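See structure below.
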Amino acid sequence: MNNGMNSFEPKIVGFLCNWCSYAGADKAGVAQTPYPSNVNIIKVMCSGRVDPQFVLKAFASGADGVLILACHPGDCHYKEGNYKALQRYKILSRLLKQFDIAEQRLRFDYVSAGEGEKFVEAITSIVDNVKSLGPLSIKGGNNIWEQQH
């Protein structure tokens, strides 16, 4: 019997650093390593450029989860962008609790250009976590912006 939850396929938005994480995704693709196709990848020049509003907008626009992948500490092409991204992630995690959005719907991780397998693990992990949570339902509808006022 299929109750609908088994067929739920989450919509995930992934912000990937151009220099490391996106190259890691490319490595997984070149190696033809299978991974879930649930992630809409947005390439950013640096994970430090992922504004918290981008994450909120993704959820407000119907994303069930958001993934931010950065360069490893010490490997950022912009010196400290990945540290800035980590700090923003921590703030976002606390902010999302105010909207009753489970912390498992937001993931931050480090993936280098040579880590195609780690990229696949990050994608698979967030898809599995969000799938187990079910579709995102925000109180008062899916408009985060109206809830802030």
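Predicted model only: the values in this text are computed from it and were never measured.
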What pairs with Lys79 under side chain to side chain contact (heavy atoms under 4.5 Å, CB included), at least two apart in sequence or on another chain?
->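 Per chain and number, Lys79 pairs via side chain to side chain contact (heavy atoms under 4.5 Å, CB included) with no residue.
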Does Asp75 have any side chain to side chain contact (heavy atoms under 4.5 Å, CB included) partners at least two apart in sequence or in another chain, and if so, which?
->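 Per chain and number, Asp75 pairs via side chain to side chain contact (heavy atoms under 4.5 Å, CB included) with Cys71, His72.
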For Gln104, does the CD atom have more than 12 heavy-atom neighbours from other residues, nucleotides or ligands under 6.0 Å away?
->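 Yes - once you tally the heavy atoms of other residues, nucleotides and ligands closer than 6.0 Å, there are more than 12.
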When you look at Leu136 and Ile101, which way does the side chain to side chain contact (heavy atoms under 4.5 Å, CB included) test go after all the steps?
-> CA-CA 8 Å; Leu136 177 61; Ile101 296 175; 4.1 Å; yes
Taken in chain and number order and not counting sequence neighbours, the residues that satisfy side-chain hydrogen bond (donor to acceptor under 3.5 Å, both in side chains) with Asn38 are Glu9
Sequence neighbours left out, what passes side-chain hydrogen bond (donor to acceptor under 3.5 Å, both in side chains) with Tyr83? Give chain and number order.
-> none
Quick one: which residue pairs count as a ring pair (Phe, Tyr, Trp, His ring centres under 6.0 Å) with a foot in residues 25-47, not counting sequence neighbours?
-> Tyr35-Phe119
In terms of hydrophobic clustering (I, L, V, M, F, W, Y; side-chain heavy atoms under 4.5 Å; direct or indirect links), are Phe15 and Tyr78 co-clustered?
->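 Different clusters.
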Sequence neighbours left out, what pairs pass salt bridge (charged side-chain N to carboxylate O under 4.0 Å, His left out) with at least one residue falling in residues 103-122?
->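 Those involving residues 103-122 are Arg107-Asp109, Arg107-Glu121, Asp109-Lys118.
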Which pair of heavy atoms, one from [X] and one from [Y], lies closest together, and at what distance?
X     : Y      : result
Gly65 : Val130 : CA-CG2, 4.2 Å
Val39 : Gly14  : CG1-N, 3.7 Å
Pro52 : Arg88  : CD-CD, 3.9 Å

Any donor and acceptor pair, going by atom type alone, linking the side chain of [X] with main-chain N or O of [Y] inside 3.5 Å?
X      : Y      : result
Ser132 : Asn129 : yes
Ser112 : Cys20  : no
Ser47  : Cys17  : no
Asn18  : Lys43  : no

Are [X] and [Y] close enough that some pair of their side-chain heavy atoms sits under 4.5 Å apart?
X      : Y     : value
Ile41  : Tyr22 : yes
Phe108 : Lys90 : no
Phe59  : Leu96 : yes
Leu106 : Ile68 : yes
Val127 : Pro10 : yes
Ile42  : Val13 : yes

Decide yes or no on side chain to side chain contact (heavy atoms under 4.5 Å, CB included) for Met45 and Trp19, but give the supporting numbers first.
-> CA-CA 7 Å; Met45 290 309 291; Trp19 303 104; 3.7 Å; yes
Taking atom [atom1] of [X] and atom [atom2] of [Y], what is their separation to the nearest 0.5 Å?
X     : Y     : atom1 : atom2 : value
Asp51 : Leu56 : CG    : CG    : 9.0 Å
Ser21 : Asn82 : OG    : CG    : 9.5 Å
Asn40 : Leu67 : CG    : CG    : 11.5 Å

List the steps and the verdict of side chain to side chain contact (heavy atoms under 4.5 Å, CB included) for Phe54 and Arg49.
-> CA-CA 10 Å; Phe54 298 168; Arg49 300 288 304 206; 5.8 Å; no
